[in-house]
A.B. asks: 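Submitted below is the structure of interest, expressed as structure tokens.
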Amino acid sequence: MNAPELPGIQLFGHGLVELAIGTAMYVVGFAMLLALWRLLRGPTVPDRILALDTLNVTAIAELMLLGMHLRTAIYFEAALIIAMLGFVSTVVLSKYVIRRDIVE
Amino acid sequence: MNVFWELLLVALLFVGSFFILMGGIGVVKLSEFFRRLHAPTKASTLGVGCVLAASVGYHLFVGSDPQPRELLITAFLLITAPISAHLMSKAALSLRMDEWPQLPGRSEEDTHVPPRPDGGDDESY
Amino acid sequence: MDHLAILPILLPLLGGALSLFVERRRVGTVVQRSVAWVFMLATLLASILLVARANEGSILVYLVGDWPARIGVALMVDRLSALMVLATSLLGVACLLHACSGWDRRAPHFHALFQLQLMGLNGAFLTGDIFNLFVFFEVMLIASYGLLLSGGRGVRMSAGLHYVAFNIAASTLFLVALGLVYGVFGTLNMAEISVRIAELPEATLLLAKATIGLLLVVFCAKAALLPLYLWLPEAYTRAPAAVAALFAIMTKVGIYAVLRISSLMLGDGAGAMAGYGWEWMLPAAVGGLALATLGVLAASRLRVLVAYVVLVSATTLFIAFGLRSAGTVAAGLYYLVHSTFVAAALFLIADLVRRGRGDAGDALRAFAPAPGVRVMAGVMFMVGAVSVAGLPPLSGFIGKTMLLQAIPETDVQWAWPAILGSSMLVIVGLTRAGTRIFWKPAPVQPMPPDAGPRSAPGSLRLPETVATMLLLSYGVAMAVVPGPVTAYTRATAEQLLAPSTYVDQVRAALPQRRLP
Amino acid sequence: MEMAIASGIGVLVFAGVYLILRARSFDVILGLTLLSYATNLLIFSSGRLVVGKPPVLQPGMEATLANHTDPLPQALVLTAIVISFAMTAVMIVLAIRSRADNDSDHVDAGDVRDDREDR
Amino acid sequence: MNLRRFLPSLPLTLAIMAFWLLMVSEINAAQVTLALILGLVIPLYATRIDREFARIGSLRPLPRFFMVLLWDILLSNVRVARQVLGPEARIHSGFIWYPLEIDNIHGITALACCITLTPGTVTAALSDDRRFLLVHVFDISDEAGLVADIKSKYERPLMEVFP
Amino acid sequence: MLELMLALPFVLALVLAILRDAPARAVAWLAGLAPLLALAVLVWLTPAVMGGEIPRAMHEWLPQAGLAFSLRLDGLGWMFSLMVLGIGALVVLYAHYYLGPQEKTRRFFCFLLIFMGSMLGMVLSGNLLLTVVFWELTSISSFLLIGFWFHRDDAREGARMALTITAAGGLALLGGVVLIGRVVGSYELDAVLAAGDAIRAHELYPWILGLVLAGVFTKSAQFPFHFWLPHAMAAPTPVSAYLHSATMVKAGVFLLARLHPALAGTDLFFYVVSTVGAITLLIGAWNAIFQHDMKGVLAYSTISHLGLITLLLGLSTPMAVVAAMFHILNHATFKASLFMAAGIIDHETGTRDMRRLGGLRRLMPYTSALAIIASLAMAGIPLLNGFLSKEMFFAQALEIEGHEAMRVFVSIAAFLFATFGVAYSMRFVHDTFLGRGPRAVEHEVHEPPRFMQVPVAILVVTCVAVGIAPQWTVGPALRTAARGVLGDALPDYSLAVWHGINTPLLMSLGGVVCGILLYLGLNRVLDLHAIVRQSQGRKLFHLNIEALFRLGRRFTHTVANGSMQRSLLWLVLVAIAAGAAPFIAAWGEPRHETVFIGQPMVRLAWVLWLLLVACALGTLALYRHRLLAVLVMGGCGLAVSMTFIGLSAPDLALTQLLVELVTVALMLLGLHYLPKDSPRPRSMPRRVRDAAVALVAGAGTAGLAWAMMTRPAANAVAAEITARALPEAWGSNIVNVILVDFRSFDTLAEITVFGIAGLAVHAMLRHARMAPEKVMPGPPIKLPVPADLAQMMFPLTLVVSIFLFLRGHNSPGGGFIAGLTLAVPLLIQYVIQGAASVESRFGFDYIRAIGLGLLVALAGGAGAMLFDMPFLSTGHYDLELPLLGTIPLASALVFDLGVYLVVFGSTMLILSMMGTLRPSKRMIAHRGIIDPATRSAITGEAA
Ligand code: NA
Ligand code: NA
């Protein structure tokens with residue numbers, strides 16, 4: 001993604017941090033793909049739930065990295081929501097596996 | 001000073017992404033559910049924590065959003081990760097995965113919950 | 001500031017919201033009904049005023065939020081919108097009256113859903129923005145799901161499933177089309193789209209055609225054009241009477257939208273797009289007319305028959321509008337209004353019959369309804385059937401005659417046989433239904449023990465009768481004094497065929513406070 | 001990039017359409033959900049694909065489309081998401097009611113045509 | 001006048017205020033006022049959800065406790081990372097029943113959290129009588145040592161905080 | 001005056017309909033009043049009409065369509081009015097005695113008067129469209145009359161048959177009339193009659209003629225539509241006497257006469273009308289011989305006589321027209337009296353079957369005498385009126401010029417007509433009144449009440465009077481009527497009984513002789529009584545109608561079989577067609593070079609693409625295992641959200657994420673009550689077909705999307721919105737500004753949708769009792785640790801929700817997102833603590849929250865109306881507060897608050913309704929209790 005040209009770039013003139021951010025994005029993206037593999041592969045239901053949960057967590061990291069990359073805080077709310085409520089699907093799915101009835 | 005912070009941020013990013021990757025690798029590589037369950041805890045604690053710290057620092061110095069509120073994300077993760085883990089393991093336990101396919105490196109006792117030391121009967125999982 | 005244009009939307013919304021506060025049993029039926037009626041009548045009044053205003057010839061533009069139409073949402077009241085809104089309100093009065101004979105107490109949230117359904121219908125008719133049209137379609141649809149399913153059970157649920165799933169799929173398609181509309185034209189205001197279509201670059205033409213094609217498919221699906229009509233018979237058949245009657249206008253919304261689109265975007269000023277789509281819709285309409293007519297013949301229950309009659313009228317309308325002359329469009333509009341009322345009345349009568357006949361329901365078996373219901377229901381059925389079959393001297397005849405007169409010379413060869421032949425078979429079907437239901441006396445079976453919350457057979461409740469007669473009397477009035485109506489529809493048709501006024505008025509509408 | 005989004009939409013539509021043509025109510029619900037993803041993406045992409053220019057005005061940045069992506073499709077998608085969510089809820093409830101009342105989750109359960117007597 | 005009715009939980013009120021101010025990242029009169037209002041109003045509703053009330057004791061051990069926890073997390077992360085990357089055959093995973101001494105529900109929860117957040121251990125269940133935690137351990141080498149470790153490092157300090 | 005005359009029957013019908021408890025005599029009097037008073041009016045107008053004037057009345061009805069309420073009384077109309085009213089009055093008198101006390105007399109007379117009025121209206125109408133109106137009214141009212149004894153199968157069938165045939169004819173007539181209107185430019189009769197040459201010369205003339213004749217032939221029971229008439233005999237006899245002698249069936253020939261000046265005079269007219277008339281004449285007469293039912297004989301005889309009239313009108317010479325007019329009158333009188341006589345006999349003996357009758361001459365001498373005289377008139381015996389018109393017919397047949405074959409054919413037909421006529425009249429007389437009998441009759445047979453015979457007597461006397469002294473009796477009337485058709489170009493003719501011995505007279509005599517011989521021969525050789533002739537027409541009609549119904553049923557059951565899959569398949573197919581059609585149509589045409597604007601893939605796009613595609617396909621692959629499908633679809637949702645984020649749409653991403661969470665919860669709540677998996681679909685071809693359709697749909701959508709994206713955007717509107725958002729709507733988050741300001745009207749409707757969804761779900765589940773698909777054994781699970789954590793988190797989530805709400809106008813967030821952020825944590829409480837526990841502590845009336853939200857949103861929008869601004873106009877105010885400083889307030893916030901409330905209320909209503917379904921009374925679960933040991937770890941479900 002093309003970072004907007006911003007005046008504040010002098011502070012980190014070496015581009016090292018930018019390089020690190022970019023690399024981290026790839027690495028985290030790769031982690032997402034690994035989780036995806038588990039999501040599709042299974043074999044058990046809890047495995048898939050776990051994979052989805054892992055996807056959520058990696059997505060938070062990815063969002064933060066994207067925010068750094070684009071130098072914007074606009075993704076804060078999204079990351080906050082995933083962190084705060086992303087586990088709901090994990091909880092709900094697990095509860096379904098345990099009891100079938102998620103609201104008892 | 002600048003270089004120090006710069007290197008710190010790079011280090012944080014490196015550590016963070018490394019552990020997140022570990023989480024991913026763990027989820028794929030490990031042979032059995034309960035072992036895999038350990039992976040995302042790593043990712044969500046140290047991995048995401050480091051990235052968030054890096055993010056706070058970066059925004060602080062770049063000046064795009066010089067506020068530490070992203071720490072709240074970590075706070076929420078620290079609360080929710082145990083809930084998820086707890087429920088997922090309960091789900092796995094409730095399935096008593098007896099007919100799991102035999103995976104390499106898996107020892108027999110993995111799937112069995114040992115009896116409670118006091119002999120109490122616990123069916124709640 | 002003149003808020004008349006938005007009142008038919010806001011009043012039912014307010015009524016619906018307030019209804020939620022008086023639903024508790026302890027509040028009492030009287031209060032609930034009073035709220036419903038106050039807003040219903042207020043809406044009726046507003047729509048009458050709206051028609052009066054529209055009849056002055058100018059187009060009323062209401063800029064919601066005081067933004068110019070291109071960036072905000074504008075309501076547009078031309079003759080067509082006003083006519084549809086008035087028809088909705090008139091229909092609503094009768095349906096509400098019918099529901100007040102008891103259904104409103106058995107179906108949870110009936111009054112709220114009813115008001116919101118009116119809101120959706122009126123919104124769909126009044127809006128000048130195509131995305132807003134989608135949203136009001138959804139209001140209308142989801143309220144119809146609620147009305148259809150509230151208090152229902154059993155087969156109504158699976159019929160409802162079909163209806164809901166089909167409509168959701170159609171709405172999804174609507175969204176796809178809307179995405180393309182914005183992607184191609186860069187605006188959502190229908191008048192603006194009309195302008196852009198005229199200036200469309202050659203390279204975008206095919207995409208624009210596909211876009212408009214998809215839009216038309218959506219509207220045809222709502223209007224139940226061949227082959228997208230399969231959802232209709234069951235849904236309309238299974239709905240409670242008052243709701244089915246209200247549904248009589250639902251297919252008309254689709255037709256309205258087709259008419260609006262073809263007026264604004266496929267009119268003579270649309271260049272390469274002029275008339276696009278009709279070469280498919282017309283044959284589909286003729287085929288649909290044939291199948292719907294066969295459906296009338298095949299129907300083994302009165303409500304199914306009426307549902308197919310709705311289809312017959314819908315397809316006839318497509319033919320009328322598809323010929324795109326002022327005469328046919330005017331005749332079509334007259335026919336549209338008439339058929340809405342009559343079909344609604346027939347649904348109410350079918351319900352009366354169903355209730356009056358115990359376990360025979362409304363099956364077209366030789367098995368007459370209870371004596372208490374038979375005469376009244378029979379007379380009303382007679383009037384409705386005569387009207388809907390296009391027999392003199394009622395409104396159907398007038399509509400049909402005007403349509404026959406207006407059909408252009410070149411199209412007479414296929415259009416006349418289609419329309420007259422279908423009329424003929426509809427008469428056969430209606431005659432059979434009528435003779436089987438009202439003319440075969442047999443001992444009325446006792447009510448089965450699990451007949452549910454129906455009233456005892458043979459009783460005729462006053463609101464039901466009055467509601468049905470009210471609907472029939474609309475048609476009779478349209479036949480006795482057709483002049484004003486036909487003059488209005490004629491002017492409407494001319495307005496539709498010359499959309500430039502519409503476009504100009506929208507573009508000229510100025511916000512009050514802001515820059516244009 | 002356009003190709004990626006378009007093909008993503010295509011795959012979603014493929015899966016969604018196949019599923020809505022299944023005979024069980026829940027499959028249809030799944031299909032409709034996939035289709036709603038597809039439509040959301042499609043409407044969204046009608047504003048064209050722009051990276052890193054959210055339509056949130058920042059001080060010091062001029063309010064033009066050079067700095068911000070087209071906000072209108074986003075508002076439309078928001079509305080579409082909400083509506084399709086509402087529809088999904090109704091559909092799910094309807095599916096369970098139909099299954100409970102008609103003893104089957106087949107989409108044509110309850111033998112809708114109970115008019116056979118007159119054949 | 002019942003203070004409890006209007007101020008069900010002072011820590012909660014303070015936490016909310018802090019949370020709000022951190023979130024808006026502004027400290028001025030208006031925001032503080034708003035934070036105060038929220039801090040007063042939200043608990044009135046939020047505490048209705050609460051099922052169990054438990055006492056809170058001394059907060060003194062907390063700073064040290066957090067340092068220990070952070071350090072443990074770091075260390076065990078590295079250890080587990082090595083194990084993940086290495087051959088799996090050498091790892092012996094398994095469940096252990098961890099006997100609880102603490103009976104304050106907040107304390108149990110906090111302990112369960114600590115166990116889960118520390119890589120290598122996951123709390124899988126709490127027995128119905130709340131006397132045992134079922135813990136899955138990634139690599140059991142010394143079961144008794146692990147239990148003792150948890151007891152001393154986490155449970156004891158937590159028992160002070162949540163008596 | 002004409003209006004009055006026409007109104008009388010209708011008004012009195014209305015009076016009868018209203019008077020519920022009137023005694024029978026009063027009802028009859030009221031009914032009789034209509035024709036009598038109308039007759040008085042007619043008599044009053046007669047001098048004028050005979051003087052050549054045409055009284056008129058004209059009222060506008062629908063000028064745009066050329067439909068006017070225009071009446072005119074010319075000679076033709078006068079004659080028919082006379083018949084309609086005169087015979088009508090007699091029929092009323094007769095019916096009063098005919099109908100028993102248990103019959104619904106009031107209804108009968110009501111229908112009869114409506115019919116009378118319709119008939120009158122038709123003959124008086126001066127506008128062709130009005131003629132059609134009354135024409136169809138006669139069909140409808142005759143339907144009611146024929147089916148008056150609707151408990152009888154034959155009555156119902158006869159009525160339906162009559163209506164079907166005549167209404168079809170009516171529709172054809174309507175077509176013909178509209179065509180005439182197109183040619184002439186007016187529907188006014190005067191204009192049409194004056195434009196005869198134009199019509200005949202017009203290229204549409206064959207169509208006009210065909211359609212009009214279709215109407216005429218059906219109504220007047222001409223071949224091949226004649227078969228309905230005998231079945232209409234199921235009607236009460238007064239109806240037959242009225243409709244099937246004098247009025248209804250005469251409507252056709254009336255119209256033929258009416259339009260004679262406009263349509264006649266071409267070879268086409270001549271050949272078609274004469275031929276059909278001749279064929280009908282023969283078929284009717286021949287069949288009449290073989291009927292056993294008295295009314296059957298009369299019906300076929302009527303068909304035959306109508307054929308004669310048609311034939312005469314087809315011949316078109318002035319003299320033929322006069323003869324036709326004359327025969328119309330004659331036939332009406334003798335046939336009406338015969339029907340009445342038949343009715344009397346039926347009434348007194350209980351049967352109309354001539355095989356059981358006979359010798360009535362002894363039992364009912366007076367009635368027999370009258371009937372025999374009328375029969376002789378029917379047979380065309382001299383000194384009776386039938387003879388005169390028959391003679392005129394013979395003369396015309398022999399005088400046909402220029403069409404030699406036709407002359408021979410018609411002359412032979414005429415002779416056969418006379419022969420058969422004598423034969424069936426003889427049979428009628430012989431079998432009923434002479435010979436032995438009656439046999440197997442239930443009643444004791446005697447004369448009917450005197451007043452029942454009066455109408456018959458009057459009619460028979462008329463027959464005789466006309467037959468003996470035509471010039472004095474019927475002369476002026478006939479002249480008047482003929483002038484109505486022919487104008488002033490009346491031929492010279494003499495209405496004498498004796499014209500000397502000429503060919504027609506010889507033909508008559510020959511006919512009589514041959515007829516007698518034929519009857520005797522048939523009776524001797526074949527035994528007439530044993531011959532059972534079935535109506536082929538009826539069988540054919542039945543077959544056709546049944547085939548039609550069968551066709552309808554087959555088509556409908558095959559096509560619209562109620563299958564939802566089919567509905568959806570068609571929708572997809574049509575959409576594919578619509579999307580592809582323009583491109584297919586333009587295939588091979590020169591392409592206009594388009595500049596495609598594409599962008600390279602950016603970082604991570606591949607990851608998201610893979611995530612999206614893999615999860616979509618994964619859902620598809622796993623769809624039969626529902627839990628797994630839901631799970632994998634969660635990945636799709638995440639991918640879509642991330643895509644939104646990557647492509648600059650944080651608000652969308654937030655919304656999608658939250659909706660995703662709730663959707664998953666809803667699906668799982670639903671799954672509890674649904675089977676755990678879908679059965680494997682059986683039909684492989686079907687799967688392949690669906691996959692192919694889906695593939696095409698997917699490819700098509702992708703293609704359209706791609707084409708759209710790669711074209712330059714036309715986003716002037718977006719630019720304007722972006723530029724005006726902050727200065728004029730005071731918000732930095734443009735998406736939220738659009739939602740609560742630019743397009744807030746969409747949002748208002750959208751939250752209405754959302755609120756209704758909640759209400760609909762509530763309505764569907766409130767009274768429902770449900771059994772889950774399968775249940776797990778044991779008590780509800782307790783989750784103290786997660787519960788404690790969730791409890792700690794809850795207040796914080798409330799804070800986040802309020803944060804998102806308040807900040808939404810300037811950064812991602814807003815009412816909708818905030819509402820869901822409030823609802824989802826509450827959902828977690830439901831899941832972890834259980835519904836009962838939460839609702840007992842956190843009782844909340846979600847329905848009112850929805851209502852309140854709508855009201856608040858409305859108030860937020862309507863506030864502007866107080867300032868005379870349009871609905872939903874926003875205002876902005878900087879509130880200066882001591883200590884706190886400036887607080888910016890946008891009125892859009894109020895609107896957004898409404899959104900917030902509705903979203904929260906509705907989401908929670910749905911979730912709580914689904915979470916707290918009441919258990920079924922009958923069963924715990926559909927498929928029983930799950931054995932934990934049998935659960936599969938792969939699918940999470942019991943095997
Ligand atoms: Na919205
Ligand atoms: Na506004």
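Remember, predicted model here, so these are calculated numbers, not experimental data. So that the names make sense, note that chain A is the first sequence line, chain B the second, and so on, each numbered from 1.
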A.B. asks: State whether F:F549 and C:R432 meet the cation-pi test: NZ (Lys) or CZ (Arg) under 6.0 Å from the six-membered ring centroid, and within 45° of the perpendicular axis.
C.D. replies: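 Because its charged atom sits under 6.0 Å from the ring centre and within 45° of the axis, C:R432 does stack over F:F549.
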A.B. asks: Where on F:A713 is there a heavy atom nearer than 4.5 Å to chain C: the side chain, the backbone, both, or neither?
C.D. replies: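 The answer is neither part of F:A713.
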A.B. asks: Where does F:L174 contact chain C at under 4.5 Å (heavy atoms): side chain, backbone, both or neither?
C.D. replies: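 Contact with chain C involves the side chain of F:L174 alone.
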A.B. asks: Does C:A479 offer a backbone N or O that forms a donor-acceptor pair with the side chain of F:W61 under 3.5 Å?
C.D. replies: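 Side chain of F:W61 to backbone of C:A479, a donor-acceptor pair under 3.5 Å: yes, one is there.
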A.B. asks: Check whether F:A768 gets within reach of chain C through its side chain, its backbone, both or neither, counting any heavy atom under 4.5 Å.
C.D. replies: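 For F:A768, neither part sits under 4.5 Å from chain C.
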A.B. asks: Please state whether the side chain, the backbone, both or neither of F:L179 comes within less than 4.5 Å of a heavy atom of chain C.
C.D. replies: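 Looking at F:L179, backbone and side chain both touch chain C.
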A.B. asks: What's the shortest heavy-atom distance between F:A760 and C:G146, and which atoms?
C.D. replies: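 Nearest heavy atoms, F:A760 then C:G146: CB-CA, 3.9 Å.
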A.B. asks: Ignoring hydrogens and angles, tell me if any N or O in the side chain of C:Q405 forms a donor-acceptor pair with the backbone of F:V178 under 3.5 Å.
C.D. replies: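 No; zero donor-acceptor contacts below 3.5 Å.
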A.B. asks: Which atoms of F:F754 come close to chain C, meaning under 4.5 Å heavy atom to heavy atom: side chain ones, backbone ones, both, or neither?
C.D. replies: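 When you check distances to chain C, no heavy atom of F:F754 falls under 4.5 Å.
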A.B. asks: Under 4.5 Å from any heavy atom of chain C, what part of F:R848 do you find: side chain, backbone, both or neither?
C.D. replies: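 Both the backbone and the side chain of F:R848 come within 4.5 Å of chain C.
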A.B. asks: May I ask you to check whether C:Y62 and F:F745 place their ring centers less than 6.0 Å from one another?
C.D. replies: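 No, too far apart.
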A.B. asks: Does any heavy atom of chain C fall under 4.5 Å from the side chain of F:L129, the backbone, both, or neither of them?
C.D. replies: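 Contact with chain C is through both the backbone and side chain of F:L129.
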